[in-house]
There are 2 protein chains.
Amino acid sequence: MGKLAMKLFRECLPVFQTLSDPHRQDIVLLLHENGAMPVNELTARLSISRPAVSHHLKLLLQGGFITCEQRGKMRYYSLSLEEPVALLRELLSVVEAECPPQSDSISPMEAKR
Amino acid sequence: MGKLAMKLFRECLPVFQTLSDPHRQDIVLLLHENGAMPVNELTARLSISRPAVSHHLKLLLQGGFITCEQRGKMRYYSLSLEEPVALLRELLSVVEAECPPQSDSISPMEAKR
DNA sequence: CGAACAGGTTTAAGTTTTTAAACCTATCGA
DNA sequence: TCGATAGGTTTAAAAACTTAAACCTGTTCG
């Protein structure tokens, strides 16, 4: 119960960490809007350097947010949001199941216990 | 469309940032398990100092994850996950609507080609 | 082959986050 | 009022994150 919530929170840690940077959010959005792209094309549309983009791509890869497909010289990065989305959905469903949507505020009496 | 996803991603930034720290996750879980608690009781159950707990509580307050109720000397913190959960749920539903669950994922084999 | 191009890696610096010590404020009871 | 308790704030240092310059690898094509 609480154990499950704990487990899910921890499993979602990399998801939260990955999405807690605006540049990485931008990359996700760019790939979503325009489909697969190589690093240089992403760099052209962002305001950070290529090594920085490359670094964020690495984190996104490790977090399972994107996949990479090499075609000749080029490496095309494309979104694969299924896994992180599934993790978040699972966490949300557990939290919503355990926490009554009607506020949980604790009465002062109970607080004494 | 993409604009909406963008807007939701940005609105969820504080949620991601707040939940991307294990200690803050621990505080959320402790409050969920045991109900409202004051700072000292939280500190007793964690491995960080009281000022650190206090700091994380401040961030959780700013993120709308908890509320505070003062009774005499004591300040009881309790969970109020409704708002962040609603934000996450909204983002998830948009992402799931825009991204077909069955995807274009590139298998490692295909990637080589 | 060898020059040009795409892109990953290392490194070093700047920035932000996290933390605990020291300090300050407010409440309660004697 | 005074002392003890609960807890927030400031500060300074350590850790982590982000970034760009310089460098290295691998592919394509003349």
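Residue numbers begin at 1 in each chain, while the letters A, B, ... track the order of the sequences.
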### Query
Does A/Glu41 have any salt bridge (Lys or Arg N to Asp or Glu O under 4.0 Å) partners at least two apart in sequence or in another chain, and if so, which?
A/Arg45

### Query
If you check the B/Arg75 side chain, which of D/dA6, D/dG8, D/dT19 turns out closest?
D/dG8

### Query
Tracing side-chain links under 4.5 Å among I, L, V, M, F, W and Y, which residues wind up in one group with A/Met74?
A/Tyr76

In the structure I gave you, are the side-chain heavy atoms of [X] and [Y] within less than 4.5 Å of one another anywhere?
X	Y	answer
B/Pro38	B/Arg75	no
B/Phe16	B/Leu91	yes
A/Met37	A/Leu31	yes
A/Val28	A/Thr18	no
A/Val15	B/Leu19	no
B/Leu88	A/Val95	no

### Query
Do the side chain of A/Gln25 and the main chain of A/Ile27 share a donor and acceptor less than 3.5 angstrom apart?
no

### Summary
note: B/Met74, atom CE; D/dG8, atom P; distance rounded to Å ~ 11 Å

Counting only heavy atoms and a strict 4.0 angstrom limit, can you tell me which residues of [range] come near DNA chain C?
range	result
residues 13-30 of chain A	none
residues 36-47 of chain A	A/Pro38, A/Val39, A/Asn40
residues 53-63 of chain A	A/Ser54, A/Lys58

### Task
Could you list all the salt bridge (charged side-chain N to carboxylate O under 4.0 Å, His left out) pairs where at least one residue sits in residues 4-21 of chain B, not counting sequence neighbours?
A/Asp26-B/Arg10, B/Lys7-B/Glu11

### Query
Got a sec, which residues hit side chain to side chain contact (heavy atoms under 4.5 Å, CB included) with B/Leu29, two or more places apart in sequence or on another chain?
A/Ala5, A/Met6, A/Phe9

### Task
Following the transitive rule for hydrophobic clusters with a side-chain heavy-atom cut-off under 4.5 Å over Ile, Leu, Val, Met, Phe, Trp and Tyr, establish whether B/Leu13 and A/Leu13 coincide in one cluster.
no

#### Entry: Range on DNA chain C touched by chain B, heavy atoms, distance below 4.0 Å
C/dT18 to C/dC28

Residues 47-66 of chain B, side-chain donor-acceptor partners within the protein, below 3.5 Å, at least two apart:
unit_1, atom_1, unit_2, atom_2, d
B/Ser49, OG, B/Ala52, N, 3.4
B/His56, ND1, B/Arg24, NH1, 3.0

### Summary
Whichever of A/Lys73 and A/Arg50 has the more 5' nearest nucleotide on DNA chain D, that residue is A/Arg50

### Query
Closer than 4.0 Å, any side-chain N/O of B/Tyr76 to the OP1 or OP2 of D/dA6?
no

